[in-house]
Amino acid sequence: MSNKDSEVQFERAVYIDLEWNCWDSTKPTTQHREIIEIGAVELNLETLEIELQKDYLVRPRPFDISDRCTAITGLTAADLKCSPLLPEVLARFEQDFSPKQKMCCTWGHDSEFLAEACGRYKLRSPLRNCVDVAQLFWRNFLLRAQPSLRTAMDVLGIEFDGVAHTALADAKNTAAVHAAMIRRMRGISDSVPAYAPVVTDESPATVFGETLSRALRSASS
């Protein structure tokens, strides 16, 4: 079997973003940060169009929503008090997105944070084939430091969609950054529609694209 044949090929990618509770002052030593919102979108990696998007509210355990948390995320105790706990939310997420069969992407370390939160419920994280888009962006643009999601969008000339620290908006914006990078990999101008055909033998990938392609294969292996 050739190297090309052995590479994992994904037709879809799922992008997730997590929002957490926080405290007005010092974190109590007996408590952990708890997930209070999960935003998820699914991108068709051929057309580079979002085909599914969901936002899930999560009731933390213990139930503690501070004024500071509300100021950052916009979520109140009233929003979350009737929401399901993390195990039920993740069951819905798996039913909606089937993430184990797809590339799973985040901006930063959310996949690790989710695995840690699952461990407290004695669950295994539903994410497989994880890719940190922030790391891809940082390495391939040879930046001195890892940029924020908003900075990456500014670099690529993408308008920020929604409000920061809103899980669904941040998931959508992560997908937008990744899609822009893939277009560059394919040698497609941003002025060409996302459904334009992929690069052919007559249209070779750029050096940036070749570097990104290697990084993507490495991250998904």
Under 3.5 Å side-chain donor-acceptor pair for D79 and T76 | yes
pair K100-E94: side-chain heavy atoms closer than 4.5 Å | yes
Spell out, as yes or no, whether a donor-acceptor pair under 3.5 Å connects the side chain of D110 to the backbone of D17.
-> no
Under 3.5 Å: donor-acceptor pair, side chain of K102, backbone of F97 = yes
Evaluate side-chain contact (heavy atoms from CB on, under 4.5 Å) for D170 paired with W107, printing each intermediate quantity in order.
-> CA-CA 8 Å; D170 284 347; W107 188 270; over 6 Å; no
Is there side-chain contact between L43 and Y15, with heavy atoms separated by less than 4.5 Å?
-> yes
Please check if the side chain of N21 supplies one atom and the backbone of E34 the other of a donor-acceptor pair under 3.5 Å.
-> yes
Working for side-chain contact (heavy atoms from CB on, under 4.5 Å), residues I35 and F113 | CA-CA 9 Å; I35 297 170; F113 296 150; over 6 Å; no
Please tell me if the side chains of Q135 and Q146 come closer than 4.5 Å, counting only heavy atoms from C-beta onward.
-> yes
Would you say the side-chain atoms of R59 pair up with the backbone N or O of S83, donor to acceptor, closer than 3.5 Å?
-> yes
Within 45° of the axis and under 6.0 Å from the centre of the six-membered ring of Y56, does NZ or CZ of R92 qualify?
-> no
Donor-acceptor pair, side chain of R150 and main chain of P147, under 3.5 angstrom = no
Could you state whether V163 and F160 fall into the same hydrophobic cluster, counting links through intermediate Ile, Leu, Val, Met, Phe, Trp or Tyr residues with side-chain heavy atoms under 4.5 angstrom apart?
-> no
Do L80 and L85 sit in the same hydrophobic cluster, where Ile, Leu, Val, Met, Phe, Trp and Tyr count as joined when their side-chain heavy atoms come under 4.5 Å apart?
-> no
Would you mind telling me which of L57, L86, I65 makes a side-chain contact (heavy atoms from CB on, under 4.5 Å) with I36?
-> I65
For the pair T106 (side chain) and G108 (backbone), establish whether a donor and an acceptor sit closer than 3.5 Å, ignoring hydrogens and angles.
-> yes
How about P126 and C104: do any of their side-chain heavy atoms sit closer than 4.5 Å?
-> no
Among the clusters formed by ILVMFWY side chains lying less than 4.5 Å apart, do W20 and L127 turn up in the same one?
-> yes
Distance in Å, L168 CG paired with I16 CD1, rounded so as to fall on 0.5 Å steps = 12.5 Å
Give the minimum heavy-atom separation between A167 and G39, together with the two atoms involved.
-> CB-N, 3.3 Å
Considering residues, nucleotides and ligands other than R124, do more than 12 of their heavy atoms fall under 6.0 Å from its CZ?
-> no
Chi angles and distances behind the side-chain contact (heavy atoms from CB on, under 4.5 Å) call for F93, V14 | CA-CA 11 Å; F93 167 69; V14 178; 4.1 Å; yes
Is there side-chain contact between N44 and R12, with at least one heavy-atom pair below 4.5 Å?
-> yes
Find out if a path of hydrophobic residues (ILVMFWY) with successive side-chain heavy-atom gaps under 4.5 Å connects L52 to I50.
-> no
